[in-house]
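None of these values were measured; they are calculated from a predicted model.
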Amino acid sequence: MSITAPAARPANPRFSSGPCAKIPNFSLDMLADAPLGRSHRAAIGKSKLAEAIDLTREVLGVPADYRIGIVPASDTGAVEMALWSLLGARGVEMLAWESFGEGWVTDVVKQLKLDATVRKAPYGQIVDFAEVDFDKDVVFTWNGTTSGVRVPNGDKIPADRAGLTICDATSAAFAMDLPFDKLDVVTFSWQKVLGGEGGHGVLILSPRAVERLESHVPAWPLPKIFRMTKGGKLIEGIFKGETINTPSMLCVEDYLVALKWAQSLGGRKALEDRANANAAAIRDFIADKDWIADLAEVPATASTTSVCLKFTDPRIQDGAAFAKAVAKRLEKEGVALDAGAYRDAPAGLRIWCGSTVETADVAALMPWIEYAFEAEIAAQAVEA
């Protein structure tokens, strides 16, 4: 059969789920004010880091009494700091519905060797929060970057909980409404929704989390890079721009540029609206298709940033090979880069719809997905 390629193409084919697309019209010239070759502990370095913390608070709407720190090793580093420093004081519940959540389970159960209650849901679903014991410390991802599902809201997290809630929000922060009054620890990396460069994490602590840090001594040794207290008191400097290790001032400048771009749009709500529109462009397209579907099974828990799709056509002979071939064809055509499903996730596509992506580009990609699908079905028939 003759298959005609679409005429329109995305202006920006970068749909990677991390590092993600830069802000629209990004230029390296925007980073000219970075204090390169200067110490991050010099006045200018500390000023830039403090500004990044202040703008993070403003754009995200973080309460004034929550601490915000810039930490090493991306979101992974921020989560590990929280797990190793805070857990062990009471029981723990680990919630997992995708690969990164599974990774935190491994760290807590096999590395820290805590007797945690583990609740899991398959890809496309989330754990039922009504069954969770919030008198224990609870660890979970807000948005499953590899599974395309998210926590819809914080309604099922009690305000009078005895335990801490530790939330990996790396692909949710800035694009989703995070209820900070229900979250004691929030972590993310700016390489996701704001399209920043990799390597840095952000750790946000509630007053309850700080109280735990100052009253609880873990049973295991803490590496220097995880230590947030000294003499039983919080090291306040970490949350004022005095970072634990040396940050890249070029990356910090890039983050500042992205934060100011977010401000210019109207802040977090404007970012959320952009992500919602991007995700809607995909879901409107697949709504009447019988060969592709959302991996998320319940619309209320469907991600608006990392949208995961699965192929459902019965003619497909090898699901994994077929999905990889489609992703490869999209990349070869230059219309979608890094759009394959995560390696541990079910076969399919993963289209990043975060706030730096333009809705027009998402819409332009959709006919190309159909084109690539039909081309691979035809190729499969020829090979058979």
query = Do Ile282 and Ile351 pass the side-chain contact (heavy atoms from CB on, under 4.5 Å) test, and can you show the C-alpha distance, the side-chain angles, and the key distance before you say yes or no?
reply = CA-CA 9 Å; Ile282 295 179; Ile351 312 299; 3.7 Å; yes
ask   = Do Ser85 side-chain atoms and Met81 backbone N/O form a donor-acceptor pair below 3.5 Å?
value = yes
key: Any side-chain donor near an acceptor of the partner, Thr305 and Ser303, under 3.5 Å   = yes
task = Can you sort out the partners of Phe239 under ring pair (Phe, Tyr, Trp, His ring centres under 6.0 Å), two or more places apart, ordered by chain and number?
result = none
inquiry  = Determine whether a donor-acceptor pair (N or O, by modelled atom type, separation under 3.5 Å) exists between the side chain of Arg227 and the backbone of Leu222.
reply    = yes
ask   = Can we say Asp361 and Arg14 salt-bridge, meaning some charged N sits less than 4.0 Å from an Asp/Glu carboxylate O?
value = no
Working for side-chain hydrogen bond (donor to acceptor under 3.5 Å, both in side chains), residues Thr146 and Ser99 = CA-CA 7 Å; Thr146 68; Ser99 60; 3.2 Å; yes
key: CG (Asp115) with more than 12 external heavy atoms under 6.0 Å   = no
note = Residues Gly198 and Gln191: closest non-hydrogen pair is CA-OE1, 3.1 Å
remark   = Those residues at least two apart in sequence (or on a different chain) that pass side chain to side chain donor-acceptor pair (under 3.5 Å) with Trp84 are Glu80
query = Does the Arg150 side chain pair with the main chain of Ala302, one donor and one acceptor, at a distance under 3.5 Å?
reply = yes
ask   = Between Pro152 and Ala300, what is the shortest heavy-atom contact and its length?
value = CB-O, 3.4 Å
task = Mark yes or no for whether Asp75, through its side chain, and Phe188, through its backbone, hold a donor-acceptor pair below 3.5 Å.
result = yes
key: Student check: side-chain heavy atoms of Phe15 and Cys353 closer than 4.5 Å   = no
request  = Tell me, please, which residues at least two apart from Gln263 pass side chain to side chain donor-acceptor pair (under 3.5 Å).
outcome  = Glu58
ask   = Who pairs with Phe26 by ring pair (Phe, Tyr, Trp, His ring centres under 6.0 Å), at least two apart in sequence or on another chain?
value = none
key: side-chain contact (heavy atoms from CB on, under 4.5 Å) assessment of Leu203 paired with Ile68   = CA-CA 6 Å; Leu203 175 66; Ile68 302 174; over 6 Å; no
inquiry  = To the nearest 0.5 Å, what is the distance between CG on Leu330 and CG on Leu365?
reply    = 6.5 Å
ask   = What residues, two or more places apart in sequence or in another chain, satisfy side-chain contact (heavy atoms from CB on, under 4.5 Å) together with Ser248?
value = His200, Leu250, Cys251
query = Is the closest side-chain donor-acceptor distance between Tyr255 and Thr56 under 3.5 Å?
reply = yes
query = Less than 4.5 Å apart, any side-chain heavy atom of Val362 and any of Trp352?
reply = no
task = Examine distances only and state if a side-chain atom of Ser74 and a backbone atom of Gly199 form a donor-acceptor pair shorter than 3.5 Å.
result = no
query = Can you check whether Leu87's main-chain N or O pairs, donor with acceptor, with His216's side chain at less than 3.5 Å?
reply = yes
key: Partner set under side-chain contact (heavy atoms from CB on, under 4.5 Å) for Thr359, not counting sequence neighbours   = Ala277, Asn278, Ala281
message = For Glu370, give me all partners under side-chain contact (heavy atoms from CB on, under 4.5 Å), at least two apart in sequence or on another chain.
response = Phe285, Lys289, Trp291, Glu374
ask   = Any side-chain heavy atom of Trp190 within less than 4.5 Å of one from Val202?
value = yes
message = Between Phe322 and Asp313, is there a side-chain heavy-atom distance shorter than 4.5 Å?
response = no
inquiry  = According to salt bridge (Lys or Arg N to Asp or Glu O under 4.0 Å), does anything in residues 271-281 pair up with another residue at least two apart or in another chain? List the pairs.
reply    = Arg268-Glu272, Lys269-Asp273, Arg274-Glu358
request  = Taking atom types as modelled, find out whether Trp104 and Asp168 have a side-chain donor-acceptor pair closer than 3.5 angstrom.
outcome  = yes
message = Whether the side chain of Lys192 engages the backbone of Thr170 through a donor-acceptor N/O pair (distance < 3.5 Å, no angle test) should be reported.
response = no
request  = Would you check if Val257 and Leu31 make a side-chain contact, meaning some heavy-atom pair closer than 4.5 Å?
outcome  = yes
Asp133: partners by side-chain contact (heavy atoms from CB on, under 4.5 Å), with sequence neighbours left out = Glu93, Asp135, Lys136
inquiry  = If the threshold is 4.0 Å, N to carboxylate O, is there a salt bridge linking Arg212 and Asp137?
reply    = yes
task = Looking only at non-hydrogen atoms, find the nearest pair between Leu271 and Ser355 and report the distance.
result = O-OG, 2.8 Å
request  = Please report the closest heavy-atom contact between Leu49 and Gly241, naming both atoms and the distance.
outcome  = CD1-O, 3.1 Å
message = side-chain contact (heavy atoms from CB on, under 4.5 Å) for Phe174 and Leu259? Distances and angles first, verdict last.
response = CA-CA 10 Å; Phe174 296 105; Leu259 285 167; 3.9 Å; yes
ask   = Does the ring centre of Phe100 sit less than 6.0 Å away from the ring centre of Phe140?
value = no
task = Assess the side chains of Asn143 and Ser306: does a donor N or O sit below 3.5 Å from an acceptor N or O?
result = yes
request  = To the nearest 0.5 Å, tell me how far Thr229 OG1 sits from Leu234 CG.
outcome  = 7.5 Å
message = Are Thr141 and Cys167 packed together at the side-chain level, in the sense that at least one heavy-atom pair is separated by less than 4.5 angstrom?
response = no
Check: Thr243 and His40 side chains under 4.5 Å, non-hydrogen atoms = yes
key: For Tyr123, all residues meeting ring pair (Phe, Tyr, Trp, His ring centres under 6.0 Å), sequence neighbours excluded   = none
task = Over all heavy atoms of both residues, which pair between Pro179 and Trp142 is shortest? Give the atoms and the distance, please.
result = CD-CH2, 3.4 Å
message = Are Ile235 and Ile244 packed together at the side-chain level, in the sense that at least one heavy-atom pair is separated by less than 4.5 angstrom?
response = no
remark   = Taking every heavy atom of Ala121 against every heavy atom of Ile126, the minimum-distance pair comes out as CB-C, 3.5 Å
Nearest-0.5 Å distance that lies between atom CE in Met228 and atom CD in Glu214 = 11.0 Å
query = Which pairs pass salt bridge (Lys or Arg N to Asp or Glu O under 4.0 Å) with one or both residues in residues 15-33, sequence neighbours excluded?
reply = Lys22-Glu197, Lys22-Asp254, Asp33-Lys48
message = To the nearest 0.5 Å, what is the distance between CG on Asp344 and OG on Ser147?
response = 11.5 Å
inquiry  = Between Glu51 and Lys260 (salt bridge meaning N to carboxylate O under 4.0 Å), is one present in this structure?
reply    = yes
query = Got a donor-acceptor contact below 3.5 angstrom from the Thr312 side chain to the Asp290 backbone?
reply = yes
task = State whether Asp294 and Arg283 are salt-bridged, where the test is any N-O pair (Lys NZ or Arg NE/NH1/NH2 against Asp/Glu carboxylate O) under 4.0 Å.
result = yes
key: Under 4.5 Å side-chain linkage, directly or through intermediates, the cluster mates of Leu337   = none
query = Is there a donor-acceptor contact under 3.5 Å from the side chain of Arg208 to the main chain of Gly163?
reply = yes
query = Considering residues, nucleotides and ligands other than Arg38, do more than 12 of their heavy atoms fall under 6.0 Å from its CZ?
reply = no
ask   = If only atom types and distance count, is the side chain of Gln380 paired as donor or acceptor with the main-chain N or O of Arg315 below 3.5 Å?
value = yes
